[in-house]
Amino acid sequence: MKFLKYFFLASVFIMSSCSKNEEISERKDLTFDHSITGNWKLVEAYISSGGPQYWVDIENGEEFTFLSNGSFESNKFSECTTGDFLVESKELFLNYNCDGFTSGFETPEGAITYRFTFEDNYLILTPTSVVCVEGCSYKYKRI
């Protein structure tokens, strides 16, 4: 029983020493997932029009380039095309670095977040900083 007490106290101490409000640029050196590096183009969106979800082809989809130094480039927003990214536990954090830019999809910490998975040669991004009422995901192909 004494062991459990000390284990619990140590766990609380360790967890309380972590800050949730760290900036992405300060955390990007902690975790880096090289599987996401490269050029990706949006080719399909998983949507629903009130019924079952289905994949829809996207022509001229947006593109992301994830660089090995933790920065990214994208043509998703014309007002801001660069930023830093971080991967933690299959979640992707995008922090655009243009002063005054906001997409309206950021978390309170200022990042746009996605859960991500890989299927075949595709990167599947599912928003976590925004709630899609009927669900949504985006399929990117490596280019």
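For the numbers below, each heavy atom of this structure counts, side chains included, while hydrogens, waters and symmetry mates do not. Treat the numbers as computed from the prediction; the structure is a model and nothing was measured.
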**Q** Mind checking whether Phe66 and Phe72 have parallel, tilted or perpendicular rings, split at 30° and 60°?
**A** tilted
**Q** What heavy-atom pair brings Val43 and Lys141 nearest, and what distance separates the two atoms?
**A** CG1-CB, 4.0 Å
**Q** Using the rule ring pair (Phe, Tyr, Trp, His ring centres under 6.0 Å), only one of Tyr114, Phe64, Phe116, Trp40 pairs with Tyr140; which is it?
**A** Phe64
**Q** Measure the shortest side-chain to side-chain distance between Phe85 and Ile36 over non-hydrogen atoms and say whether it is less than 4.5 angstrom.
**A** yes
**Q** Just list the side-chain donor-acceptor pairs under 3.5 Å for residues 98-105, sequence neighbours left out, or say none.
**A**
{"from": "Thr102", "atom 1": "OG1", "to": "Gly104", "atom 2": "N", "distance (Å)": "3.3"}
{"from": "Thr102", "atom 1": "OG1", "to": "Glu106", "atom 2": "OE1", "distance (Å)": "2.9"}
{"from": "Ser103", "atom 1": "OG", "to": "Phe105", "atom 2": "N", "distance (Å)": "3.1"}
{"from": "Ser103", "atom 1": "OG", "to": "Glu106", "atom 2": "OE2", "distance (Å)": "3.1"}

**Q** With hydrophobic residues grouped by side-chain heavy-atom distances under 4.5 Å, do Leu125 and Val56 end up in a single group?
**A** no
**Q** Provide the full list of salt bridge (charged side-chain N to carboxylate O under 4.0 Å, His left out) pairs with a residue in residues 64-77, sequence neighbours left out, each pair given once.
**A** Glu62-Lys76
**Q** Taking all non-hydrogen atoms of both residues into account, name the closest pair between Ile112 and Tyr96 and its distance.
**A** CD1-CE1, 3.7 Å
**Q** Which atom pair, heavy atoms only, marks the closest approach of Glu44 to Asp57?
**A** CG-OD1, 3.6 Å
**Q** Do you know the tightest heavy-atom contact between Cys80 and Asn97?
**A** SG-N, 4.0 Å
**Q** For Tyr46, give me all partners under ring pair (Phe, Tyr, Trp, His ring centres under 6.0 Å), at least two apart in sequence or on another chain.
**A** Trp55
**Q** Can you pull the side-chain hydrogen bond (donor to acceptor under 3.5 Å, both in side chains) pairs that have at least one residue in residues 117-126, sequence neighbours excluded?
**A** Thr126-Ser137
**Q** Shortest non-hydrogen contact from Thr128 to Glu91?
**A** OG1-OE2, 2.8 Å
**Q** On a heavy-atom basis, which atom in Ser129 and which in Thr107 lie closest, and how many Å separate them?
**A** CB-CG2, 3.5 Å
**Q** Which ILVMFWY residues are connected to Val131, directly or by a chain of links, through side-chain heavy atoms under 4.5 Å apart?
**A** none
**Q** Going by disulfide (SG to SG under 2.5 Å), name the pairs with one or both residues in residues 104-143, residues two or more places apart or in two chains.
**A** Cys132-Cys136
